[in-house]
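All chains are named by letter (A, B, ...) in the order of the sequence lines, taking the proteins before the strands, and each is independently numbered beginning at 1.
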Number of protein chains: 2
Amino acid sequence: MRQIKHPSIDQVELTDIMYALSEPTRLEIVGRLANAGRKLTCGELDLNRPKSSMSHHFKILRAAGLVETLIEGTEHMNALRIAEIEQKFPGVLQSVLTALNKS
Amino acid sequence: MRQIKHPSIDQVELTDIMYALSEPTRLEIVGRLANAGRKLTCGELDLNRPKSSMSHHFKILRAAGLVETLIEGTEHMNALRIAEIEQKFPGVLQSVLTALNKS
DNA sequence: TCTATAATTCGATTATATTCGAACTATAGA
DNA sequence: TCTATAGTTCGAATATAATCGAATTATAGA
């Protein structure tokens, strides 16, 4: 069961996080993953966009270090790397999530 | 003495802020404005880039609502709109500034 | 009114992102 | 071994952004 590679937390750059969060679809994905409180498949998110577009956005979220994807069978389970990100950049992701939930 | 137009704080979007902060030069400008604790002219920042490039980045920072520019004579004095941004998106800008000062 | 200074705007070039259909890969289960 | 399912990768089109020299605007001061 081959797994997807992710950057280690010390490779994660603040600019990459900012960039990943600057796109509405990706911000929506991040918000839903946070609120779900459990791992979600790409399909469960259902933002009404083609699979290839979703895949593209997940790739960027992974590269930024925001999302971790575990392959389980035919599904890809996605989770926010919130604890690690908070440790490295305290408050950054948390405050964005708070702002998201207010709007 | 004509002044530059800025968005009102309720027009400011989280994605625009994230986008503005996703570019290293702009992040640097924001960090210096925060640390200076006073208004700075574009020239004082001196990031070793052509004036037209700096002007472009300031335009984006202004449009995102992050920077306010007051014209005084021939100089443009720039300040972070930190109080307003903090009120609307608590912790977002502050945590980014903290992360910047650690790196 | 002339000159110097500060910064913006314009315009062209190049680079980077987004979008999405079609083809492909990997796994589970019949 | 066949089929269905979940997602990725490819490739091409389109859109958006970054870069920077040259021209322009606005002001201060001589």
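You'll find that the side chain of His57(B) is closest to dA18(D), out of dA6(C), dA18(D), dA22(D). Ranking dA26(D), dG21(C), dA18(D) by closeness to the Pro50(A) side chain, first place goes to dG21(C). Of the candidates dC20(C), dT19(D), dT8(C), dT8(C) carries the atom nearest the Cys42(B) side chain, counting heavy atoms from C-beta on.
At whole-Å resolution of the value, NZ in Lys5(A) and C1' in dT8(D) are 18 Å apart. In this structure, NZ of Lys39(A) is placed 14 Å from P of dG7(D), rounded to the nearest angstrom. Per the geometry, CD1 belonging to Ile4(A) stands 12 Å off P belonging to dA26(C), to the nearest Å. At whole-Å resolution of the value, CD1 in Ile71(B) and P in dT25(D) are 15 Å apart. We find that CG of Leu61(B) is positioned 14 Å from C1' of dA18(D), with the value rounded to whole Å. Gln3(A) has its CD atom 12 Å from the P atom of dT8(D), to the nearest Å. In this structure, the CE atom of Met54(A) is 19 Å from the P atom of dT5(D), given to the nearest Å. In this structure, the CD atom of Glu72(A) is 11 Å from the P atom of dG7(D), given to the nearest Å.
Applying the 4.0 Å criterion to OP1 and OP2 of dT18(C), one finds that Tyr19(A) has a side-chain N or O inside that range. Contact annotation: Arg49(B) does not reach the phosphate of dC20(D) (side-chain N/O to OP1 or OP2, under 4.0 Å). Phosphate contact (OP1/OP2 of dA18(D), side-chain N/O of Ser53(B), threshold under 4.0 Å): absent. Here Lys59(A) reaches the OP1 or OP2 of dT9(D): one of its side-chain N or O atoms lies under 4.0 Å away.
Along DNA chain D, the nucleotide closest to Arg26(B) and the one closest to Arg62(A) are compared, and the more 5′ of them pairs with Arg62(A). For the pair Thr74(A) and Ile60(A), nearest-nucleotide mapping onto DNA chain C gives the more 5' position to Ile60(A).
The base of dG7(D) has none of its N or O atoms less than 3.5 Å from a complementary donor or acceptor on the side chain of Ser55(A).
Across all strands, His76(B) comes closer than 4.0 Å only to sugar-phosphate atoms, never to a base (heavy-atom distances). At the heavy-atom level, His56(A) lies under 4.0 Å from base atoms of the strands shown. Counting any heavy atom pair closer than 4.0 Å across all strands shown, Thr41(A) reaches sugar-phosphate atoms only and no base atom.
The OG atom of Ser53(A) sits 11.0 Å away from the CG atom of Asn48(A) when rounded to the nearest 0.5 Å.
With hydrophobic clusters built from ILVMFWY side chains whose heavy atoms lie under 4.5 angstrom apart, Leu33(A) shares a cluster with Leu100(A).
A distance-only check finds a donor-acceptor pair linking the side chain of Arg26(A) to the backbone of Ala20(A) [under 3.5 Å].
Among residue pairs with one or both ends in residues 85-103 of chain A, none qualify as salt bridge (Lys or Arg N to Asp or Glu O under 4.0 Å); sequence neighbours excluded.
Side-chain contact of His6(B) with Arg62(B): a donor-acceptor pair under 3.5 Å is absent, judged by distance alone.
Checked for salt-bridge contact, Arg38(B) and Glu44(B) meet the test: a charged N lies under 4.0 Å from a carboxylate O.
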